[in-house]
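Heads up, the thing below is written out as structure tokens.
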Number of protein chains: 2
Amino acid sequence: MIKTSDEKYLRAIYQISQAEQGQKATISELAYYLDLKPPTVLERLKILQAEKLITYKKTSGIHLTKSGQKEAMNVVRKHRIWETFLHKVCKFSWSEVHELAEQLQNVNSEKLIDRLYTLSGEPQFDPHGDPIPSKTGVLPSSQRRPLLNSVEGCKCVVLGVNEDSTDFLNYLTELNIGLNERLNVEKLFSFDGSVKVKYKNSVTAVLSSKVAEKIMVTCIKANCLCKV
Amino acid sequence: MIKTSDEKYLRAIYQISQAEQGQKATISELAYYLDLKPPTVLERLKILQAEKLITYKKTSGIHLTKSGQKEAMNVVRKHRIWETFLHKVCKFSWSEVHELAEQLQNVNSEKLIDRLYTLSGEPQFDPHGDPIPSKTGVLPSSQRRPLLNSVEGCKCVVLGVNEDSTDFLNYLTELNIGLNERLNVEKLFSFDGSVKVKYKNSVTAVLSSKVAEKIMVTCIKANCLCKV
DNA sequence: TGTATTTATTAGGTGAACCTAATTTTAGTA
DNA sequence: TACTAAAATTAGGTTCACCTAATAAATACA
Ligand SMILES: [Mn+2]
Ligand SMILES: [Mn+2]
Ligand SMILES: [Mn+2]
Ligand SMILES: [Mn+2]
């Protein structure tokens, strides 16, 4: 039986592996992500390994096994469905849902998750644009890239964000940028990578590269020259 | 700051004190209720006492302080609102909601509770007929007594149950007895206290005293002779 | 290639929440 | 009242999830 706190680790490992496509997840990253110290994490990894949920070698890093992957997708599913429910049904803002979902995601009832999903209208993406896995762990796919990779003149639409911290999301909300917002990339400042965008017809904002990196978009025009 | 597990204790103490009006709550009862051993409970009571949430002396038993009472009512509120939400909005049966609510009640967000309550239609009573405290800890009152105290010929209506175990509730569901069911008390068997009732026009059932004791009703006719 | 820095690992705790077994206190009853 | 049964308490664990400090290994880079 998977414990609540196994789930925290598995989701964290999944998120980290996702974030840095292909590269290996390390103990210190995991410790940082979970707000724990490396020895604590190492200790726990040994247990997860004994439970055959992950493999770990200092050389190759941390990897989810088949069953670890399955469990991870399940927690991700729960987390994203809670976020969706909180946003769509309970009318919480997209910056409030993550923290609450962290508390709620470890409740154990598949039936409950199913009902919440139905009540939310069964969307494919959560309030941050992240894909909601199916029960079998399959993710709906969507073509997306960081706003940072745009070329000048590109017209794109916001599909999601790569971070769900309250601060970051509140910042975007302040700027009036949300999911499905159309952005015109007016100028790229190569010296610091910041990006000037225009949206809602007349509003403009200069976004730092740190921010532009975390806003995921897709080009509207075909044959756009942006890097994918 | 009140911890999750403080809340478990406070709710348990509240429930026990309620159940046995006036009588003192003891360590062994609490241990039994929480499925713990007496030394564990004693140890914890000392902490709760240091936090000024309860008073405890072996002579006078366990009592909630003012602030303990306040916290207890708050957990009770959370628990009952979750039960109500699960039943009314998520369509869980009254026998399923208690266990789930136990997991959910320790999520910390007053705002969430408020929204759930709104979504549920702000009823005064939960799916077991238990009163939902207001934010200030005030309980809506209702006149009720155990079915067991009926006199023969009494017509009464079910307002609630005194136990929320799955088994008990499933048993009632099996008999087709739910909240607001009208019961005609046809016969009392004094040798074992069981009660024969007729309802839904033609259905009859003989309920053991143990069951009749836990079904809370109110008489329909004025001047009924039933004990209150 | 050698040294400095970062990362991982080991060793040895702590505190919380539980437990059992033994003892003492209290309460119920012959 | 004296004895017995039940309840409370004390003493002394165990396990779990965390920690710090010290050491070893890996990596970066001059
Ligand atoms: Mn999230
Ligand atoms: Mn999300
Ligand atoms: Mn309940
Ligand atoms: Mn209830």
Side-chain angles (χ1 to χ4, degrees), chain A residues 1-13 15-17 19-20 22-64 68 71-72 75 102-103 105-108, chain B residues 1-13 15-17 19-20 22-64 68 71 75 102-103 105-106 108:
Chain A
M1 188 72 274
I2 299 291
K3 276 183 297 181
T4 286
S5 113
D6 281 346
E7 296 193 335
K8 243 191 348 192
Y9 275 81
L10 295 175
R11 194 172 80 91
I13 293 166
Q15 298 280 39
I16 290 171
S17 314
E20 23 181 285
Q23 288 186 65
K24 66 182 178 184
T26 67
I27 285 190
S28 29
E29 280 171 316
L30 194 48
Y32 178 78
Y33 188 96
L34 291 170
D35 200 17
L36 295 171
K37 303 295 170 187
T40 304
V41 170
L42 175 60
E43 188 174 56
R44 203 55 200 289
L45 288 187
K46 287 176 183 164
I47 296 169
L48 292 171
Q49 193 161 30
E51 294 173 328
K52 300 220 193 301
L53 293 167
I54 63 161
T55 57
Y56 171 64
K57 278 207 201 92
K58 85 187 116 192
T59 49
S60 49
I62 307 162
H63 294 279
L64 295 168
E71 291 300 336
V75 201
E102 294 240 288
Q103 292 186 61
Q105 76 190 7
N106 50 331
V107 170
N108 259 323
Chain B
M1 189 73 273
I2 298 292
K3 279 183 295 185
T4 286
S5 115
D6 281 347
E7 296 193 334
K8 244 191 349 193
Y9 275 82
L10 295 175
R11 194 172 79 93
I13 294 166
Q15 298 280 38
I16 291 170
S17 314
E20 24 180 283
Q23 286 186 66
K24 66 181 177 185
T26 67
I27 286 191
S28 29
E29 280 172 316
L30 195 47
Y32 178 77
Y33 188 95
L34 291 170
D35 200 16
L36 296 171
K37 303 297 171 184
T40 304
V41 170
L42 175 58
E43 188 174 55
R44 203 55 201 289
L45 288 188
K46 287 176 184 165
I47 295 167
L48 292 173
Q49 194 161 30
E51 296 173 326
K52 302 221 192 299
L53 294 167
I54 63 160
T55 57
Y56 171 62
K57 279 207 199 92
K58 83 185 119 197
T59 47
S60 49
I62 307 163
H63 293 280
L64 296 168
E71 291 301 335
V75 200
E102 295 240 288
Q103 292 187 63
Q105 74 189 8
N106 49 331
N108 259 323

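A:R44 places a side-chain heavy atom less than 4.5 Å from the side chain of A:S5. Contact annotation: the side chain of B:L64 never approaches that of B:L53 to less than 4.5 Å [non-hydrogen atoms, C-beta and beyond].
Rounded to an integer number of Å, the gap from CD of B:E29 to P of D:dA6 is 15 Å. The nearest whole Å value for the distance from the CG atom in A:L42 to the P atom in D:dC19 is 13 Å. C:dT10 atom P lies 13 Å from atom CG of A:L45, rounded to whole Å. We find that CG of A:L48 is positioned 14 Å from P of D:dC16, with the value rounded to whole Å. Protein atom CD of A:Q49 is 14 Å distant from nucleotide atom P of C:dA8, rounded to whole Å.
The main-chain N or O of A:Y56 is found under 3.5 Å from a side-chain atom of A:Q49 such that the two form a donor-acceptor pair. Judged purely by atom type and a 3.5 angstrom limit, A:K24 uses its side chain to pair as donor or acceptor with the backbone of A:T59. Checked by atom type and distance alone, the side chain of A:Q103 pairs as donor or acceptor with a backbone atom of B:N108 at under 3.5 Å. Remark: the backbone N or O of B:L36 is not paired with any side-chain donor or acceptor of B:T40 at under 3.5 angstrom.
Checked by atom type, the side-chain pair B:E29/B:T26 shows a donor-acceptor distance below 3.5 Å.
Distances shown here put every side-chain N or O of A:K24 at or beyond 4.0 Å from the OP1 or OP2 atom of C:dT7. Dashed line: the shortest gap from a side-chain N or O of A:S28 to OP1 or OP2 of C:dA8 is under 4.0 Å. Distances shorter than 4.0 Å separate some side-chain N or O of A:K58 from OP1 or OP2 on D:dA26. OP1 or OP2 of C:dT9 sits under 4.0 Å from a side-chain N or O of A:Y56.
Nucleic acid contact class of A:T59 (heavy atoms, under 4.0 Å, all strands): none. Residue A:K57 is out of contact with every strand shown, counting any heavy-atom pair closer than 4.0 Å.
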Show each protein N/O and nucleotides 15-22 of chain C N/O combination with a separation under 3.5 Å, one pair to a line.
from	atom 1	to	atom 2	distance (Å)
C:dC18	N4	B:E43	OE1	3.3
C:dC18	N4	B:E43	OE2	3.3
C:dC19	OP2	B:K37	N	3.1
C:dC19	OP2	B:T40	OG1	2.6

